[in-house]
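The next block holds one structure in the form of structure tokens; read it before the comments.
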Number of protein chains: 2
Amino acid sequence: MAGNTGVAGSSVSSRLLAILDCFDPAHTELTLTEIAARSGLPLSTARRLIVELTNWNGLERLVDNRYRIGINLWRIGVLAPRQRDLREAALPLMHDLCAATGETVQVVVLDGLEALCVEKVAAETAVRTATEVGGRLPLNATAVGKCLLAFSPRDLLLHVLEAGLQRQTGYTIVQPGRLTRQLRQVRSSGVAYSHEEMTLGAVSVAAPILSGGILKGAIGIVVRAPGRVDSLAAAVKTASLSIGRTVS
Amino acid sequence: MAGNTGVAGSSVSSRLLAILDCFDPAHTELTLTEIAARSGLPLSTARRLIVELTNWNGLERLVDNRYRIGINLWRIGVLAPRQRDLREAALPLMHDLCAATGETVQVVVLDGLEALCVEKVAAETAVRTATEVGGRLPLNATAVGKCLLAFSPRDLLLHVLEAGLQRQTGYTIVQPGRLTRQLRQVRSSGVAYSHEEMTLGAVSVAAPILSGGILKGAIGIVVRAPGRVDSLAAAVKTASLSIGRTVS
DNA sequence: GCGGTGATGCCACTGAGCGGCAGCAGATCC
DNA sequence: GGATCTGCTGCCGCTCAGTGGCATCACCGC
């Protein structure tokens with residue numbers, strides 16, 4: 001890079017994107033110094049790029065010198081057709097499901113080796129799940145994740161196993177053989193479960209969203225009482241089929 | 001800029017952002033050539049930056065060489081707290097309003113001299129509005145726009161008038177005096193109307209979303225039958241007050 | 001007043017980024 | 001089938017935009 005660059009191979013664009021990568025659901029507001037630290041950029045470089053992003057309204061600066069994602073990045077981001085279409089098809093059914101059960105409903109898509117939460121609908125009284133829209137979930141420990149894993153090419157499972165199964169709770173499946181067996185069952189039944197494997201006290205059911213035979217995402221519902229989970233499976237599966245028919 | 005740059009004063013970042021600016025609700029998929037043309041960048045420059053964006057998953061490349069907004073830009077964009085919080089507070093009420101009336105409900109925020117649609121909930125049978133989530137609406141021709149205008153500092157109105165009132169239909173208000181009078185009425189009643197001023201055959205009511213006295217956005221409902229609009233005003237105003245209380 | 005933390009401004013150096021151009025692949029037309 | 005067009009890909013020499021260290025400034029708590 002121009003000037004007295006330390007490490008070669010990094011472009012201006014990559015630095016700019018590194019700054020954006022600093023933000024996640026747990027870090028929606030950051031100071032200049034925090035951004036510099038998280039992105040690994042020198043302070044002056046980070047500042048210059050942040051100023052440019054701010055002028056474009058990609059970031060907005062608060063009175064206490066913290067930065068947050070701005071309106072322009074939001075405006076561009078919501079255009080992402082993959083999420084946009086799925087969300088539009090799923091939202092009405094998610095609300096129906098939420099209204100009928102009073103529980104938390106979420107729709108996810110595959111993003112690398114994780115599930116990315118595209119939309120969440122929660123009743124006031126529902127279980128407070130850690131996940132937010134835009135947040136990531138492990139594939140092996142969640143019902144929606146297992147759906148994605150079961151209906152994706154076998155390569156994905158191999159990559160996930162290679163990366164290692166992370167334990168979330170005492171109930172998380174970390175044995176490859178056990179996961180593989182469960183995925184076979186998910187494929188045949190079309191429904192996946194998670195029994196406190198992600199969060200203690202939370203149980204969930206999910207079904208894949210398929211359109212024309214190809215996987216678009218998964219829809220799941222999270223409940224507290226373990227007894228209710230079986231009776232919800234049919235509802236979730238019905239919703240997933242309906243969404244699959246609507247989505248392009 | 002480095003190399004044989006034609007125009008000075010343009011940074012790499014600005015070029016990268018210019019590429020993102022090419023995308024809008026009417027143009028969610030573009031080819032390399034289209035992006036170069038829309039952004040005003042030379043083909044080679046556009047390509048290099050697009051490749052970098054694509055590697056980062058900010059754009060995704062389709063089999064027919066078209067590009068669309070990718071998962072990573074979406075993931076960052078949804079973190080925008082302004083939209084995120086408002087959306088979260090508004091969604092349940094929007095659905096209630098939609099379910100009760102069977103019409104299109106939308107929530108907007110102020111973005112420069114226009115209104116930006118943050119969320120839309122439409123029943124199957126509802127009026128097909130041109131606007132999509134992420135799309136922009138004029139402040140003078142829509143009910144939600146008038147709300148934003150009426151409850152913003154007077155400067156905004158002056159800037160809007162200075163920029164000129166654009167005509168959308170034969171009913172659009174383009175006379176500054178008439179707009180100013182209507183805004184006074186909106187301020188006192190807390191509700192704004194649009195009678196086919198944006199789209200022929202479409203009528204709408206909107207109310208501002210205020211939290212702690214400061215304007216957060218506006219919620220509106222669009223209907224076809226002109227007679228129904230008055231009976232909906234109370235429902236919209238109720239929803240707006242409730243959202244204002246919830247949103248931080 | 002004094003030390004600590006974090007934002008801001010300046011500046012000399014240089015390689016990353018620039019864009020013109022040639023080449024190639026696929027579609028369309030006659 | 002070959003001529004033409006359109007749009008993507010890859011190369012390369014030139015040079016100034018971007019870099020990051022450092023000094024300064026603003027604010028806060030003690």
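This is a predicted model, so every value here is computed, not measured. Quick note on labels: first sequence line is chain A, next is B, and so on, each numbered from 1.
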Mind calculating the distance between CD1 (B/Ile35) and P (D/dT6) to the nearest angstrom?
20 Å
In whole angstrom, what separates A/Arg48's CZ from D/dG18's P?
8 Å
Output for pair (B/Met94 CE, B/Gln106 CD), nearest 0.5 Å, gives 7.5 Å
OP1, OP2 of D/dT19 versus side-chain N and O of A/Arg47: anything below 4.0 Å?
no
How about B/Glu88: does its CD atom have over 12 heavy atoms from other parts shown lying under 6.0 Å from it?
no
By nearest heavy atom, map A/Ser44 and B/Leu41 onto DNA chain C; which one lands nearer the 5' end?
A/Ser44
Does a nitrogen or oxygen in the side chain of B/Thr45 sit under 4.0 Å from OP1 or OP2 of C/dG19?
yes
Between D/dG7 atom C1' and B/Ile50 atom CD1, what is the distance in whole Å?
13 Å
Measure CD/B/Glu34 against P/D/dT6 and give the value in whole Å, please.
15 Å
Base, sugar-phosphate, or nothing: which does B/Arg61 touch, judged by heavy atoms less than 4.0 Å apart?
sugar-phosphate
Any donor and acceptor pair, going by atom type alone, linking the side chain of B/Lys216 with main-chain N or O of B/Val247 inside 3.5 Å?
no
Between D/dG20, C/dT8, C/dG19, which nucleotide gets closest to the side-chain atoms of A/Leu32?
C/dT8
Calculate, to the nearest 0.5 Å, the distance between atoms CD1 and CZ belonging to B/Ile214 and B/Phe151 respectively.
14.5 Å
How close or far is atom C1' of C/dA22 from atom CG of B/Leu43, stated in whole angstroms?
14 Å
Please give, in whole Å, the distance from D/dC16 P to B/Arg15 CZ?
13 Å
Expressed in angstrom and rounded to an integer, what is the separation of B/Asn65 atom CG from C/dC24 atom C1'?
13 Å
